[in-house]
Amino acid sequence: MTSRTTTPADPATAAYLLGLADDAMVYAQRLGEWLTNAPQLEEDMALANVSLDLLGQARALYPRVGELDGTGRGEDDFAMWRDERDWRNVHLVEQPRGDFADEMARLLWFSTTRLELFSAGASDPVLAGVMAKGVKELGYHVDHAAQWVVRLGDGTDESHRRMQAALDRVAPYVDELFTDDETVLAVPEADRGPLPSQLREHVVRRVDRVLHSAGLTRPEPGAWRAKDGRRGIHSRPMGSLLAEMQYLARSHPGATW
Amino acid sequence: MTSRTTTPADPATAAYLLGLADDAMVYAQRLGEWLTNAPQLEEDMALANVSLDLLGQARALYPRVGELDGTGRGEDDFAMWRDERDWRNVHLVEQPRGDFADEMARLLWFSTTRLELFSAGASDPVLAGVMAKGVKELGYHVDHAAQWVVRLGDGTDESHRRMQAALDRVAPYVDELFTDDETVLAVPEADRGPLPSQLREHVVRRVDRVLHSAGLTRPEPGAWRAKDGRRGIHSRPMGSLLAEMQYLARSHPGATW
Amino acid sequence: AEREASFEELIAADQRIEPRDAMPEAYRRTLVRQIAQHAHSEIIGMQPEGAWITRAPSLRRKAILVAKVQDEAGHGMYLYSAAETLGVDRGELLEMLHEGKQKYSSIFNYPTLTWADCGAIGWLVDGAAIMNQVPLCRCSYGPYARAMIRVCKEESFHQRQGFEILWTLMRGTPAQQQMAQDAVDRWWWPALMMFGPHDSGEAASNGHTAQSMAWGIKRFSNDDLRQRFVDMMVQQADRLGVRIPDPDLRWDEERQQHDFGAIDWSEFKAVLAGDGACNAERIAHRRRAHDDGAWVREAALAHARKHEARQQVQQDQQEVVRAS
Amino acid sequence: AEREASFEELIAADQRIEPRDAMPEAYRRTLVRQIAQHAHSEIIGMQPEGAWITRAPSLRRKAILVAKVQDEAGHGMYLYSAAETLGVDRGELLEMLHEGKQKYSSIFNYPTLTWADCGAIGWLVDGAAIMNQVPLCRCSYGPYARAMIRVCKEESFHQRQGFEILWTLMRGTPAQQQMAQDAVDRWWWPALMMFGPHDSGEAASNGHTAQSMAWGIKRFSNDDLRQRFVDMMVQQADRLGVRIPDPDLRWDEERQQHDFGAIDWSEFKAVLAGDGACNAERIAHRRRAHDDGAWVREAALAHARKHEARQQVQQDQQEVVRAS
């Protein structure tokens with residue numbers, strides 16, 4: 001644990017940053033699973049890059065959360081020692097890996113949304129720094145995803161079918177990205193970026209442009225939509241993800257690695 | 001932890017029993033995964049029965065191991081607090097679930113072998129008791145597996161193909177069941193059942209009869225065979241199995257459930 | 001007219017209707033739907049707790065949980081069998097479930113987020129189910145009533161196990177106590193919703209209740225059952241040491257019952273309409289198991305036919321031999 | 001004769017052979033095989049440590065591990081590119097790997113059973129690999145030598161990270177120290193086997209060594225490299241505080257080197273022949289990734305062709321417009 005700073009406690013901003021950190025952490029964890037499993041070495045490398053970028057964003061944000069929430073917790077306290085009910089990521093990032101099209105669909109939505117948010121900047125100095133660096137990183141992530149969505153959408157019949165199916169499967173997880181939950185609403189406007197709901201229009205437009213150029217359609221989700229990740233309500237895969245990620249650290253409490 | 005008894009320490013028999021207990025524990029864990037995933041309710045029930053029987057065998061053996069190894073450890077000490085290198089099960093039981101034919105192939109080999117061993121009895125009073133009860137249980141397990149192997153082998157073309165493929169996939173894991181490892185060789189003959197190698201002939205003959213009646217063949221395994229589970233060398237799935245099984249208990253050290 | 005009188009006589013005398021008895025088509029249809037949906041609830045209900053089998057915190061808890069989920073499979077089987085006496089088969093009913101034409105209890109659209117949820121489900125959900133089901137043991141339709149008697153026996157055992165899980169947690173570490181309280185906070189109101197809409201006012205049902213009562217399928221009103229449940233649970237909650245998440249809960253000396261807060265029926269409707277945390281998952285899981293197992297069921301059928309055919313040939317040949 | 005003299009002159013002058021230079025077919029074939037198998041080793045070598053990415057005990061270790069495995073992918077890419085300068089393409093080489101016609105370093109048939117194995121792999125396996133690879137930086141074939149220079153730079157970083165993992169464990173809890181020692185116990189001898197059979201005696205190789213040395217592909221003998229490795233590792237082991245699992249290890253004052261025990265070549269042969277813990281798994285994993293990704297690669301190719309075709313049409317039309 002880092003020593004207490006003289007930062008005044010700001011639980012609302014802490015909670016807000018925690019959601020952004022957890023999104024990055026959980027998605028970095030899922031992306032890490034692609035190494036040795038990607039369609040070609042170039043993709044093992046590219047997805048490793050995305051994973052490392054997001055992991056870096058999480059590692060930069062967690063100590064700031066620890067300062068603002070007054071606990072002084074460090075990155076591993078957050079990553080290894082919180083139970084599922086205390087994680088604040090959206091459901092999209094905790095879903096198990098599907099095929100490569102599933103990943104590109106997820107990456108397209110996730111990084112386009114995060115880029116839109118990060119482009120707006122924020123007043124919290126640590127978040128602002130993460131956003132400034134993150135904008136460049138996310139720009140690459142968006143381009144990478146978009147290029148693949150186009151290649152797959154406008155490649156072979158099979159890849160088109162798979163890419164469209166992937167967009168259909170990811171559709172129920174998209175709304176949550178644009179949902180204004182109580183956490184973000186509790187942060188004074190000056191201290192946060194745009195509300196999630198305010199990101200929707202631009203993000204959807206950008207995604208639609210990519211899909212359109214590849215002859216793909218953006219499906220409307222059905223009755224069921226993922227929600228409440230920001231309230232610590234997660235889906236079954238989250239339990240498995242955390243067990244795998246935290247098991248070793250929890251098996252040796254107090255140990256240094 | 002149970003209190004120390006006046007049982008004299010017998011590390012050789014303890015190690016031997018541990019392998020038998022771990023085989024049952026790990027296989028019970030894998031079988032538990034079939035609930036809600038079986039082809040029909042009757043199978044959810046049947047596989048639950050097998051799982052409960054094996055779990056019962058493990059729960060009866062672990063405390064005996066704890067007595068004989070002098071540690072006084074109880075069932076949860078063994079199940080939740082040992083790391084992968086200390087588990088002594090064979091590789092067959094730790095493999096992830098495949099399709100239903102994979103499970104019947106695994107169940108056929110495992111239960112036929114264990115029944116053969118258990119039928120011989122042993123001098124250790126706790127093991128003898130587990131064997132006496134287990135013989136009835138394993139008789140049902142063998143029958144259940146054999147009936148399914150026959151139905152699938154002599155059902156449709158698809159089921160025949162899948163059943164044969166399952167036998168092929170399980171083949172590299174069979175040899176280990178009949179391998180005399182240093183643990184079993186360290187137990188005086190009077191105190192143990194037959195050596196694994198002594199079980200092979202009868203077991204293979206029984207399995208062959210089942211396969212033959214269904215028009216299936218017993219494949220010869222290739223160059224690679226699973227081994228060294230009894231020495232604590234396990235395959236990748238074992239890590240995931242233990243993480244899932246032990247995560248909650250390890251997250252709350254000292255807690256009672 | 002003579003056959004229907006017989007049905008009505010049995011009902012009036014509070015006698016059982018059996019499969020061989022004549023019955024109005026509407027009665028048969030209502031029962032098929034109710035029994036099927038009850039069966040579907042049992043098998044979908046295997047999933048929330050089934051999710052904790054591989055993760056149970058001790059071997060004893062694992063064994064108890066496997067046995068419980070196994071019991072639920074068994075309950076499903078009894079109930080499908082009871083429905084089959086009314087001229088449908090399990091496969092058709094499962095198809096209706098998979099296509100959303102028949103439902104299952106909405107309570108199972110909630111997720112089991114922690115181990116304590118297994119306790120809360122046993123204590124509250126099985127508790128509510130028992131409250132709904134005990135009266136069904138005197139249901140007019142024989143096979144359904146008898147299935148209910150078997151189910152209730154096992155379910156009261158399950159409810160005690162759920163209570164015991166929570167009891168142990170509440171006497172455990174602060175983290176365990178917090179886990180238990182959090183589970184109760186999340187399952188209390190959904191459990192109250194298991195009794196269905198209020199019997200009067202805007203949330204009242206559309207006349208089904210009255211007909212079901214007339215036919216001896218339903219014995220007590222939703223609100224009656226819900227009230228009994230609350231009164232029983234408050235006592236048990238006190239013993240457990242958990243707080244019921246209802247600031248309006250209070251003892252009414254006059255009625256000798258507990259007053260409790262308003263139920264959020266919009267949540268109930270939303271979950272019923274498909275928007276609960278687990279609606280998509282429960283059906284997808286069910287369908288996947290069913291589809292993945294299709295080749296197995298087909299094989300069993302094919303084998304049984306081959307076996308029958310072989311037996312027939314054997315028989316024929318034996319007859320020929322005897323004759324000669 | 002004139003072209004071959006040129007090749008031999010370059011070799012004699014210790015000059016680089018480049019892709020445009022003439023070379024004996026046997027030289028080309030030997031290099032294709034060696035470079036390809038080196039590349040295969042890098043990509044198969046991603047698996048043992050890759051297995052710990054999701055399970056690393058801290059975020060810092062996770063990041064370092066992802067970067068390391070990513071580097072290994074990069075090494076594979078450099079090496080496949082180097083091999084491609086000799087007239088083969090990556091797809092053919094991967095097919096040879098998948099069909100068992102080309103091999104990868106047998107060291108990767110051992111399992112990573114604990115986190116400490118990641119430390120042992122970095123320390124011992126990368127250490128041995130560096131020892132084998134540094135001389136290759138002066139290999140006669142230019143593209144291979146240049147790839148090796150890049151690889152060695154990154155690999156020395158990896159070796160230090162492996163050492164650091166073990167260093168931290170050895171200064172940690174008793175369980176961590178035990179974990180580290182257990183990993184060293186299991187990786188030491190396989191690491192020694194990475195240098196290949198003895199140069200003389202019954203285990204001696206079959207003449208390949210001599211030819212490779214003549215061609216400037218191989219600079220030092222197996223035993224030379226192995227001896228250097230042992231001497232270096234003993235010092236590092238002392239600093240770490242781990243015990244090397246060789247009771248015959250001792251300093252020889254006369255030779256100013258360490259004597260060490262006999263290698264169990266039967267294990268080496270068995271693992272080479274397919275009987276190591278992970279032989280089946282490594283190739284199966286590789287093939288699965290490759291097969292699962294086939295549709296992706298096909299799509300990329302199809303898209304590139306469509307793109308090219310469109311560009312060609314654009315170009316043609318522009319020319320037509322300009323012309324009119």
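Quick caveat: nothing in here was measured; it's all calculated off a predicted structure. Order of the sequence lines fixes the chain letters, A, B, ..., with proteins taken first and strands second; residue numbering starts at 1 for each chain.
Of the two parts of L94(D), neither the backbone nor the side chain holds a non-hydrogen atom closer than 4.5 Å to a non-hydrogen atom of chain A. Interface remark: Q147(A) contributes no atoms to any contact with chain D (heavy atom separation under 4.5 Å). Neither the backbone nor the side chain of Y247(A) comes within contact range of chain D, judged by heavy atoms closer than 4.5 Å. Both the backbone and the side chain of R60(D) come within contact range of chain A, each with at least one heavy atom under 4.5 Å from a heavy atom of that chain. Proximity to chain D is absent for every atom of A28(A), based on heavy atoms less than 4.5 angstrom apart. Contact of L55(A) with chain D is made through the side chain alone, with heavy-atom distances under 4.5 Å. The contact between L169(D) and chain A is made entirely by side chain atoms (from C-beta outward), counting heavy-atom distances below 4.5 Å. If you measure heavy-atom distances from M245(A) to chain D, the contacts under 4.5 Å come from both the backbone and the side chain. Using a 4.5 Å cut-off between heavy atoms, M163(A) does not touch chain D at all. Contacts between T173(D) and chain A at a heavy-atom distance below 4.5 Å involve the side chain alone, from C-beta outward. Using a 4.5 Å cut-off between heavy atoms, A294(D) does not touch chain A at all.
A73(D) and D44(A) get closest at one heavy-atom pair: CB-CB, 4.4 Å. Across A63(D) and R59(A), no two heavy atoms sit closer than the pair CB-NH1, 3.8 Å. Heavy-atom minimum distance, K306(D) versus G155(A): NZ-O, 3.0 Å. Scanning both residues, L152(A) and A299(D), for their nearest heavy atoms gives CD2-CB, 3.7 Å.
For the residue pair Q70(D) and N49(A), a side-chain donor N or O sits within less than 3.5 Å of a side-chain acceptor on the partner. Between the side chains of H285(D) and T36(A), at least one donor N or O sits under 3.5 Å from an acceptor N or O.
Within the 4.5 Å cutoff, no side-chain heavy atoms of N37(A) are placed close to those of M46(D). Inter-residue side-chain proximity for R151(A) and H307(D) is flagged as unmet; no heavy-atom pair is nearer than 4.5 Å. The shortest side-chain heavy-atom distance between M25(A) and L59(D) falls under the 4.5 Å cut-off. With contacts defined as side-chain heavy-atom distances shorter than 4.5 Å, the pair D99(A)/D292(D) does not qualify.
Comment: D154(A) engages R310(D) in a salt bridge, judged by a side-chain N to carboxylate O separation of less than 4.0 angstrom. The pair E298(D)-R162(A) fails the salt-bridge criterion, with no side-chain N (NZ, NE, NH1 or NH2) lying under 4.0 Å from an Asp/Glu carboxylate O.
No more than 12 heavy atoms of other residues, nucleotides or ligands sit less than 6.0 Å from atom CZ of R243(D).
Of the possible polar contacts, one joining the R61(D) side chain to the W257(A) backbone as a donor-acceptor pair under 3.5 Å is found. In this structure, the side chain of E158(A) does not engage the main chain of W295(D) through any donor-acceptor pair within 3.5 Å. Side-chain atoms of Q40(A) do not come within 3.5 Å of backbone N or O of G293(D) as any donor-acceptor pair. Between the side chain of R297(D) and the backbone N or O of P39(A) there is at least one donor-acceptor pair closer than 3.5 Å.
Between chain A and the residues S58(D), A302(D), P57(D), the largest count of heavy-atom pairs under 4.5 Å involves P57(D). Annotation: maximal heavy-atom pairing with chain A below 4.5 Å, among R286(D), H290(D), Q176(D), occurs at Q176(D). Looking only at heavy-atom pairs under 4.5 Å with chain A, the residue among K62(D), R171(D), R288(D), E72(D) that has the most is K62(D).
With rounding to the nearest 0.5 angstrom, the NE2 atom of H160(A) is 13.5 Å from the NE2 atom of H303(D).
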